[in-house]
Amino acid sequence: MDSNQSPTDLTLDALKSVVSQAMLGKFTAVFPKLFKCQWKTYEGQKKFFANFSESGCNMAGRKFCVGGNWKMNGDQKSIAEICKTLSDASLDANTEVVIGCPAIYLMYARNLLPCSIGVAGQNAYKVAKGAFTGEISPAMLKDIGADWVILGHSERRAIFNESDDLIAEKAEHALAEGLKVIACIGETLEEREAGKTNEVVARQMCAYAKKIKDWKNVVVAYEPVWAIGTGKTATPDQAQEVHAFLRKWLVDNVSQAVSDSLRIQYGGSVTAANAKELAKKPDIDGFLVGGASLKPEFVEIINARK
C-alpha cells in the first residue's frame, strides 16, 4: 500500500480493477483469439514486433508472403483439421502467412489459427454499408478479425463479370478501411497464346494504380488463369519473366520505390513439388495457393524458402 494514497483512492482503484476484469472477461469470452492476438503478455508483444524484423526479407526488403485461398471449400470439421495442421507445424518465421477463408467461417478460423497467421476475406464491396444484398464490406471483415482481403481473383472477373475498374474501386475502399489487399491479376490461355500477357497485366495494374496511392498494404498476386486449378504451372522462368515486367511497369508508372518494395506473389497450381524452384526467382515474393492450401502439403509451400 502506498502511504500517500487515501482510502478514497484505494476504493477507486479497486472499483476500476473490478470493472476492467469484468469487461475483459466478457470480451475474451466472445473474441478469445482476437484478444490473445493483441497485447496480453510481454512475450506476445515480442512476437508481434518480431513479425516486422528484416531477417525474412530479400535484398530489396520484401518479406516472403504465402496466401492460402480456400475458395468455396471447407466445413467446420475440415477447417478445424487444417488449422490444427498449421498450428502444430514448424512454419518459417520469415514468411508471412495469410488464409483466405470463406466469409461464414472467418471468425471460426481466426479463433483456431495462431496469431501469427493472418486471415482474409475472399471478396468485399466498395462501400461500407447499404442495400447490397449478399455483399460484405471491409468494415464487416475487420469487425470479426480479418486483416486482409483478396480482390480481383480471376474467378471474380470471369464468373461474376467484375471489371478492372470495379475491382480497383474495391481495393481503394478496402485500403481506406484499414485492410491489407491481395490484388490479383493474370491472363487467360488465349491471351497468352496471342502474345498479350504483358498488355493484359499492364491494363489490370493501370486500373489499380488509378485508385491506389499508397501501396504499403498491397500485395499483388500474378495468377495466369490458364494455370489455376488445371495442374498446369508456368515454369519458374515464365513466372519470373512476368514478375520482372511488372517491376519495370511499376518503375515507369508508379515509382522506383514501389517497384522495389511491392511484393508480387505467383499463383497457379503451386504445389510442394514446384514451390522451391519458384521461390528461388528474384522477383517472386511468395505464392497465392488454391487447392494445395487445403492439404497438409501447404506447410511445405510455406517453408519453400527454408
Side-chain angles (χ1 to χ4, degrees), residues 55-69 71 89 91-100 150 152-155 182-205 218-252 258-306:
S55 59
C57 300
N58 62 14
M59 292 296 288
R62 300 187 300 266
K63 187 170 185 176
F64 208 67
C65 180
V66 175
N69 181 11
K71 306 188 180 183
L91 303 180
D92 187 349
N94 296 324
T95 294
E96 185 172 10
V97 183
V98 182
I99 297 298
I150 300 169
H153 193 279
S154 63
E155 289 152 6
I182 296 176
C184 301
I185 59 173
E187 85 283 8
T188 64
L189 181 59
E190 292 75 19
E191 289 165 337
R192 170 165 279 272
E193 290 178 342
K196 294 183 177 180
T197 294
N198 290 353
E199 177 186 333
V200 171
V201 297
R203 186 199 76 223
Q204 294 166 338
M205 287 296 294
V218 179
V219 171
V220 167
Y222 165 61
E223 296 192 297
V225 180
W226 49 272
I228 298 175
T230 63
K232 298 178 181 178
T233 308
T235 66
D237 286 341
Q238 285 176 319
Q240 168 59 26
E241 182 181 2
V242 178
H243 283 230
F245 168 78
L246 290 168
R247 296 247 178 256
K248 178 65 166 58
W249 186 93
L250 287 162
V251 170
D252 295 341
V258 170
S259 177
D260 290 342
S261 63
L262 182 68
R263 293 178 290 179
I264 306 176
Q265 298 174 321
Y266 170 76
S269 296
V270 176
T271 65
N274 59 31
K276 283 191 176 294
E277 287 303 310
L278 288 163
K280 291 177 182 177
K281 295 300 181 180
D283 291 306
I284 294 178
D285 304 312
F287 307 116
L288 185 57
V289 185
S293 68
L294 296 161
K295 303 172 184 176
E297 71 175 284
F298 187 49
V299 171
E300 297 178 61
I301 298 172
I302 291 170
N303 291 337
R305 280 204 173 168
K306 246 187 172 182

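What you are looking at is a predicted structure, and each value in this text was computed from that prediction instead of being measured. Numbering of residues begins at 1 and proceeds along the displayed sequence.
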S.K.: With rounding to the nearest 0.5 Å, note down the distance linking CG in L262 to CG in L246.
M.R.: 9.0 Å

S.K.: Specify the closest pair of heavy atoms between C65 and V98, including all atoms of both residues, with the distance to one decimal.
M.R.: SG-CG2, 4.4 Å

S.K.: Between E199 and K196, is the closest basic N to carboxylate O distance under 4.0 Å?
M.R.: no

S.K.: Return the minimal non-hydrogen interatomic distance between V270 and V289, and the atom names on each side.
M.R.: O-CG1, 3.9 Å

S.K.: Side chains of Y266 and Q238: donor-acceptor distance under 3.5 Å anywhere?
M.R.: no

S.K.: Hey, what do you get for CD1 (I264) to NZ (K281), rounding to the nearest 0.5 Å?
M.R.: 15.0 Å

S.K.: On the 0 to 90° scale, with breaks at 30° and 60°, tag the F64-F287 ring pair as parallel, tilted or perpendicular.
M.R.: perpendicular

S.K.: Once you round to the nearest 0.5 Å, how far does CZ of F245 lie from CG of L250?
M.R.: 9.5 Å

S.K.: For the atom pair CD1 (I302) and CG (L91), what is the distance rounded to the nearest 0.5 Å?
M.R.: 5.0 Å

S.K.: Does any non-hydrogen side-chain atom of Q265 lie less than 4.5 Å from one of I284?
M.R.: no

S.K.: Tell me the closest heavy-atom pair linking K71 and G290, and the distance in Å.
M.R.: CE-CA, 4.5 Å

S.K.: Salt-bridge test for E187 and R192: reply yes if a basic N is under 4.0 Å from a carboxylate O, no otherwise.
M.R.: yes

S.K.: Considering non-hydrogen atoms only, spot the tightest contact between A272 and I301 and give its length.
M.R.: N-CG1, 3.7 Å

S.K.: For the pair E300 and K276, evaluate salt bridge (Lys or Arg N to Asp or Glu O under 4.0 Å) and give the outcome as yes or no after the intermediate values.
M.R.: CA-CA 9 Å; E300 297 178 61; K276 283 191 176 294; over 6 Å; no

S.K.: So, taking the atom named CD1 in I150 and the one named CG in L288, what distance separates them when rounded to the nearest 0.5 Å?
M.R.: 5.5 Å

S.K.: Main chain of F298, side chain of S293: is a donor-acceptor contact present, judged purely on distance under 3.5 Å?
M.R.: no

S.K.: If we ignore angles and hydrogens, is there a donor and acceptor under 3.5 Å between the side chains of E190 and W226?
M.R.: no

S.K.: For the backbone of D283 and the side chain of Q240, can you confirm whether one donor and one acceptor N or O come within less than 3.5 Å of each other?
M.R.: yes

S.K.: Can you see which heavy atom on V225 is nearest to which on S154, and at what distance?
M.R.: CG2-CB, 3.6 Å

S.K.: Supply the atom-to-atom distance N198 CG to E241 CD, rounded to the nearest 0.5 angstrom.
M.R.: 7.0 Å

S.K.: Say whether, by atom type as modelled, one donor and one acceptor occur between the side chain of R247 and the main chain of S259 under 3.5 angstrom.
M.R.: yes

S.K.: Identify the two heavy atoms, one from A234 and one from A239, that lie closest to each other, and give their separation to 0.1 Å.
M.R.: CB-N, 4.3 Å

S.K.: Got a donor-acceptor contact below 3.5 angstrom from the D252 side chain to the W249 backbone?
M.R.: no

S.K.: Under a 4.0 Å N-O cut-off, is there an ion pair linking D285 with R305?
M.R.: no

